[in-house]
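Within every chain, numbering begins at 1; the chains are lettered A, B, ... in the order of the sequence lines, protein sequences first and strands thereafter. All heavy atoms count here, side chains included; hydrogens, waters and symmetry mates do not.
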Protein chains: 2
Amino acid sequence: MKEFRCVLTNLEKHIQLTPEEVNLFISHLHHAKLQKQETLLEQAAFCDAIYFVNEGMLRAFSLAEDGKEHTVMFATSDWWITDMFAFVKEQKSVVSIEALVPSSVLRLSKLDYEELLFQIPKLERFFRILMQNAYIREQRRSMENLALPAKEKYEIFKNRYPEISKQLNQKQIASYLGITPEFLSMIRNNS
Amino acid sequence: MKEFRCVLTNLEKHIQLTPEEVNLFISHLHHAKLQKQETLLEQAAFCDAIYFVNEGMLRAFSLAEDGKEHTVMFATSDWWITDMFAFVKEQKSVVSIEALVPSSVLRLSKLDYEELLFQIPKLERFFRILMQNAYIREQRRSMENLALPAKEKYEIFKNRYPEISKQLNQKQIASYLGITPEFLSMIRNNS
DNA sequence: CCTATTTCTTAAACTACTTTATTTGCCATC
DNA sequence: GATGGCAAATAAAGTAGTTTAAGAAATAGG
């Protein structure tokens with residue numbers, strides 16, 4: 001039961017479930033542990049689940065043809081992560097998701113997800129709010145990418161995700177900001 | 001009734017409403033016409049509504065301190081538009097929304113939006129899917145911003161929104177791609 | 001504790017894109 | 001048919017960020 005406490009608190013931020021609904025919900029979750037560097041989802045594979053992070057830290061990134069990695073998102077405890085495009089449209093994933101540190105996640109398959117939405121309509125509200133917040137975050141990121149120079153993007157990132165940024169190395173941060181690790185090094189040492 | 005046909009078709013893409021629900025829903029919508037260049041939402045004002053575009057074309061953009069405009073999104077017939085951050089969090093808007101051509105929109109106030117979600121729980125599903133698609137779009141845009149040079153971003157934009165891009169001038173497209181109009185001119189004339 | 005491997009730093013040459021300025025074309029209107 | 005005003009084109013000079021390469025520092029593994 002202990003491994004579900006965190007996800008239930010997460011749900012309770014937005015909706016109230018009855019004890020029966022709670023049981024139904026968690027009966028569809030499958031616990032998985034990941035070692036450092038282990039891959040949860042492989043780029044170009046079908047993505048048939050969404051994951052809740054209990055513990056640890058994950059990174060979603062796409063590997064381009066030129067060999068460059070672009071980090072789409074990081075997820076730490078209490079975050080949901082998947083390749084939303086692939087999950088929703090049942091397409092091949094455009095990202096890989098890997099554990100940056102030993103991690104523990106709860107897996108909710110697409111089938112179970114849809115069944116749960118059907119059986120517990122309140123979950124529509126929950127995921128509506130989740131998607132809404134994700135949209136707001138991504139839109140802000142797009143805007144900042146267009147409007148701001150690298151140094152400011154870096155400062156914002158550090159302030160917005162202090163605990164995450166402390167655990168990341170330079171290459172990982174650079175791949176999120178869209179700059180080279182060399183240039184990030186310059187930014188860091190010039191200020 | 002004619003002005004509601006388009007939004008009802010939009011709803012029907014994802015949910016089925018009863019005739020009573022349809023009446024309730026449209027009773028909360030307020031029709032508004034906009035002239036070319038007219039502003040629907042002013043940056044730094046509170047944003048207390050979401051808009052469905054019946055006809056025309058709108059643009060959401062933020063004006064930075066250095067005088068530069070950054071276009072967040074365009075919306076044409078059959079799209080929903082607002083400053084989602086300001087709408088959801090009840091904050092001051094970070095964008096202005098203006099009509100690029102004479103336009104007609106349906107306004108749904110935040111209060112009515114929340115009341116409708118309460119009275120017609122099926123709408124949670126509708127907006128969940130709307131937010132989900134918006135999230136997917138923005139995430140893809142973020143990734144492309146990081147990974148691709150200006151020329152490719154331009155080609156993708158033209159292909160993804162052919163009818164929109166044809167109606168825009170160079171400055172408007174450039175402000176969406178995050179480049180200067182001069183550089184876009186170069187891209188266009190070098191190929 | 002030593003070595004191997006990865007991560008970070010630094011710097012010089014390079015490129016994509018910006019800035020500034022001038023010119024050209026394009027309609028709208030009197 | 002001239003005139004004003006805005007959108008687009010062009011080009012030269014400047015800048016933010018990349019590339020490449022080499023060395024220093026940190027970390028991990030045996």
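- Here C:dT7 presents its P atom at 12 Å from CG of A:Leu100, a figure rounded to the nearest Å.
- B:Phe61 carries B:Arg59 over the face of its six-membered ring, with the cationic atom under 6.0 Å from the centre and within 45° of the normal.
- Applying the salt bridge (Lys or Arg N to Asp or Glu O under 4.0 Å) rule to pairs touching residues 34-52 of chain A yields A:Asp48-A:Arg107, sequence neighbours excluded.
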Given side chain to side chain donor-acceptor pair (under 3.5 Å), test B:Lys33 with B:Asn54 step by step and report yes or no. CA-CA 10 Å; B:Lys33 281 191 175 292; B:Asn54 255 334; over 6 Å; no

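- Note: CG (B:Asn189) to C1' (C:dT24) measures 13 Å, nearest angstrom.
- For the pair B:Arg141 and B:Tyr176, the cation-pi criterion (under 6.0 Å, within 45° of the ring axis) is fulfilled.
- The phosphate of C:dC17 has neither OP1 nor OP2 within less than 4.0 Å of any side-chain N or O from B:Lys153.
- Taking atom OH of B:Tyr154 as the reference point, atom C1' of D:dA8 lies 13 Å away to the nearest angstrom.
- Applying the salt bridge (Lys or Arg N to Asp or Glu O under 4.0 Å) test to A:Glu115 and every residue at least two apart in sequence or in another chain returns nothing.
- B:Phe183 places its CZ atom 14 Å from the C1' atom of D:dA11, with the value rounded to the nearest Å.
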What does the B/S/- profile of nucleotides 20-30 of chain D look like, 5' to 3', with a 4.0 Å heavy-atom cutoff to protein? B----------

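- Between the CZ atom of A:Arg188 and the P atom of D:dG17 there is a distance of 16 Å, rounded to whole Å.
- Residues forming a side chain to side chain donor-acceptor pair (under 3.5 Å) with B:Lys13 (at least two apart in sequence, or on another chain): B:Asp78.
- Classification of B:Lys110 and B:Glu114 as a salt-bridged pair holds, one side-chain N sitting under 4.0 Å from a carboxylate O.
- A close approach under 4.0 Å does not occur between any side-chain nitrogen or oxygen of A:Ser185 and OP1 or OP2 of C:dC8.
- Applying the salt bridge (Lys or Arg N to Asp or Glu O under 4.0 Å) test to B:Lys122 and every residue at least two apart in sequence or in another chain returns B:Glu21.
- As a whole-Å value, the separation of B:His70 NE2 from C:dT18 P is 11 Å.
- In this structure, B:Pro149 reaches the sugar-phosphate backbone alone: every heavy-atom distance under 4.0 Å involves primed, P, OP1 or OP2 atoms, never a base.
- Salt-bridge formation is detected for the pair A:Arg160/A:Glu144: a Lys NZ or Arg NE/NH1/NH2 atom is positioned less than 4.0 Å from an Asp or Glu carboxylate oxygen.
- Only at 4.0 angstrom or more do the heavy atoms of residues 165-174 of chain B sit from any atom of DNA chain C, so none qualifies.
- If you measure from atom NZ of B:Lys68 to atom C1' of C:dT18, you get 8 Å, rounded to the nearest angstrom.
- Rounded to an integer number of Å, the gap from A:Ile179 CD1 to C:dC8 C1' is 14 Å.
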